[in-house]
Amino acid sequence: MENKKINNEEKQQELDIRYLRMAHIWAENSYCVRRKVGALIVKDKMIISDGYNGTPSGFENVCEDEQNITLPYVLHAEANAITKIARSNNNSENATLYVTDAPCIECAKLIIQAGIKRVIYNRNYRIEDGINLLKRAGITVEQIELEKI
């Protein structure tokens with residue numbers, strides 16, 4: 001029984017790394033210059049949604065102003081992935097969110113409300129409020145450092 005548990009944990013770790021690498025690849029779709037962020041929502045080993053940071057549908061694909069400051073209406077990757085689920089027949093109850101960067105506090109609130117139970121991320125964000133809120137809500141949060149992709 002112990003070996004099976006270790007094998008399941010190892011398999012989950014391998015899957016976590018693969019999905020996180022895929023989130024990095026998905027981030028390449030972003031038109032943002034300062035930071036490209038990608039997110040995948042996985043449930044029962046199936047990707048049920050994806051997102052990357054960018055402007056709302058119908059807006060020009062420009063994320064920063066002339067001073068290289070992110071425009072206030074730019075959506076984060078997590079928000080894009082969660083709102084896609086709202087427009088589909090899927091739900092994110094008990095799902096895992098894989099995101100290239102640690103969620104901010106606003107995205108953390110959406111993650112909690114979406115019923116997501118695990119968040120796996122790669123890079124830290126300068127403010128840890130989002131991570132702290134997720135942990136307070138009982139969501140499993142894990143940082144996985146990836147080698148350069």
Side-chain angles (χ1 to χ4, degrees), residues 4-64 68 70-71 73-135 137-149:
K4 186 176 183 179
K5 184 177 182 182
I6 292 170
N7 288 338
N8 286 341
E9 288 175 7
E10 288 174 0
K11 285 180 186 177
Q12 186 60 59
Q13 180 77 7
E14 287 177 13
L15 284 173
D16 288 345
I17 291 168
R18 284 189 190 123
Y19 285 127
L20 196 52
R21 289 176 62 211
M22 289 170 70
H24 274 279
I25 292 167
W26 201 244
E28 295 172 13
N29 290 313
S30 175
Y31 288 91
C32 296
V33 176
R34 290 179 61 219
R35 181 177 294 233
K36 295 178 183 297
V37 180
L40 296 176
I41 299 176
V42 176
K43 185 174 180 177
D44 300 325
K45 296 184 182 176
M46 292 188 311
I47 298 170
I48 60 169
S49 191
D50 56 60
Y52 51 86
N53 57 327
T55 57
S57 298
F59 282 62
E60 60 182 10
N61 290 319
V62 176
C63 298
E64 295 88 8
N68 201 31
T70 301
L71 297 168
Y73 52 82
V74 169
L75 290 159
H76 289 189
E78 307 94 315
N80 265 328
I82 291 168
T83 55
K84 270 188 185 180
I85 288 179
R87 297 179 74 175
S88 75
N89 292 327
N90 286 322
N91 74 69
S92 51
E93 194 69 32
N94 297 316
T96 299
L97 171 72
Y98 295 90
V99 62
T100 57
D101 297 71
C104 69
I105 190 121
E106 293 302 318
C107 288
K109 291 188 250 181
L110 293 174
I111 292 164
I112 293 164
Q113 291 301 97
I116 293 168
K117 294 300 176 202
R118 291 179 74 227
V119 174
I120 310 297
Y121 70 97
N122 178 208
R123 300 179 294 224
N124 283 318
Y125 183 60
R126 59 184 163 78
I127 302 168
E128 295 183 6
D129 292 355
I131 295 297
N132 294 337
L133 185 63
L134 292 171
K135 289 177 180 176
I139 294 172
T140 301
V141 179
E142 182 182 348
Q143 180 183 20
I144 296 178
E145 295 191 28
L146 297 177
E147 295 178 18
K148 194 156 191 153
I149 297 171

Taking Asn53 for its side chain and Arg35 for its backbone only, find out whether a donor-acceptor pair lies under 3.5 Å.
yes
So CD1 of Ile111 and CG of Leu133: to nearest 0.5 Å the spacing works out to 9.5 Å
Go through it in stages, so that I can follow the logic: the residues are Gln143 and Ile131, the test is side chain to side chain contact (heavy atoms under 4.5 Å, CB included), and I'd like the CA-CA distance, side-chain angles, deciding distance and then a yes or no.
CA-CA 10 Å; Gln143 180 183 20; Ile131 295 297; over 6 Å; no
Which atom pair, heavy atoms only, marks the closest approach of Val119 to Pro103?
CG1-CG, 4.0 Å
What pair of heavy atoms forms the shortest contact from Ser92 to Ile85, and how long is it?
CB-CD1, 3.6 Å
Sequence neighbours excluded, every pair satisfying side chain to side chain donor-acceptor pair (under 3.5 Å) that has a member inside residues 75-87
Asp50-Lys84
Specify the closest pair of heavy atoms between Ala79 and Cys107, including all atoms of both residues, with the distance to one decimal.
N-SG, 4.3 Å
Stepwise side chain to side chain contact (heavy atoms under 4.5 Å, CB included) test for Thr55 and Leu71:
CA-CA 9 Å; Thr55 57; Leu71 297 168; 5.5 Å; no
What is the distance from atom OH of Tyr98 to atom CG of Leu15, rounded to the nearest 0.5 Å?
6.5 Å
Atom pair NZ/CD1 of Lys117 and Ile112 - distance to nearest 0.5 Å:
9.0 Å
Can you name the nearest heavy-atom pair linking Cys32 to Val74, along with the distance?
SG-CG1, 4.2 Å
Tested for side chain to side chain donor-acceptor pair (under 3.5 Å) against Lys43, the lone hit among Asn90, Thr96, Asn94, Asn91 is Asn91
For the residue pair Tyr19 and Lys45, establish whether any side-chain heavy-atom pair is separated by less than 4.5 Å.
yes
Do side-chain atoms of Asn122 reach the backbone of Asp101 as a donor and acceptor pair under 3.5 angstrom?
no
Any donor and acceptor pair, going by atom type alone, linking the side chain of Thr100 with main-chain N or O of Val37 inside 3.5 Å?
no
Which residues share a ring pair (Phe, Tyr, Trp, His ring centres under 6.0 Å) with Phe59, sequence neighbours left out
Tyr73
Once rounded to the nearest 0.5 Å, what's the spacing between atom OH of Tyr52 and atom CD1 of Ile25?
15.0 Å
Residue Glu93 excluded, over 12 heavy atoms near CD under 6.0 Å
yes
Find out whether Arg123 and His24 are in side-chain contact, i.e. whether some heavy atom of one side chain is under 4.5 Å from a heavy atom of the other.
yes
At what distance, to the nearest 0.5 angstrom, does CE of Met46 lie from CG of Leu40?
13.5 Å
Is Lys11 salt-bridged to Glu14, cutoff N-O under 4.0 Å?
no
Heavy atoms of other groups near Gln113 CD, more than 12 under 6.0 Å
no
Stepwise, does the side chain to side chain contact (heavy atoms under 4.5 Å, CB included) test hold for Val141 with Tyr121?
CA-CA 8 Å; Val141 179; Tyr121 70 97; 3.7 Å; yes
Donor-acceptor side-chain pairing of Asp16 and Gln12 below 3.5 angstrom
yes
Side chains of Lys36 and Glu28 in contact at under 4.5 Å (non-hydrogen atoms)
no
Could you report the tightest heavy-atom contact between Ala81 and Ser49, atom names first, then the distance?
O-OG, 2.6 Å
Taking every non-hydrogen atom, the tightest pair across Ile116 and Ala95
CG2-O, 3.4 Å
Taking Glu64 for its side chain and Thr70 for its backbone only, find out whether a donor-acceptor pair lies under 3.5 Å.
no
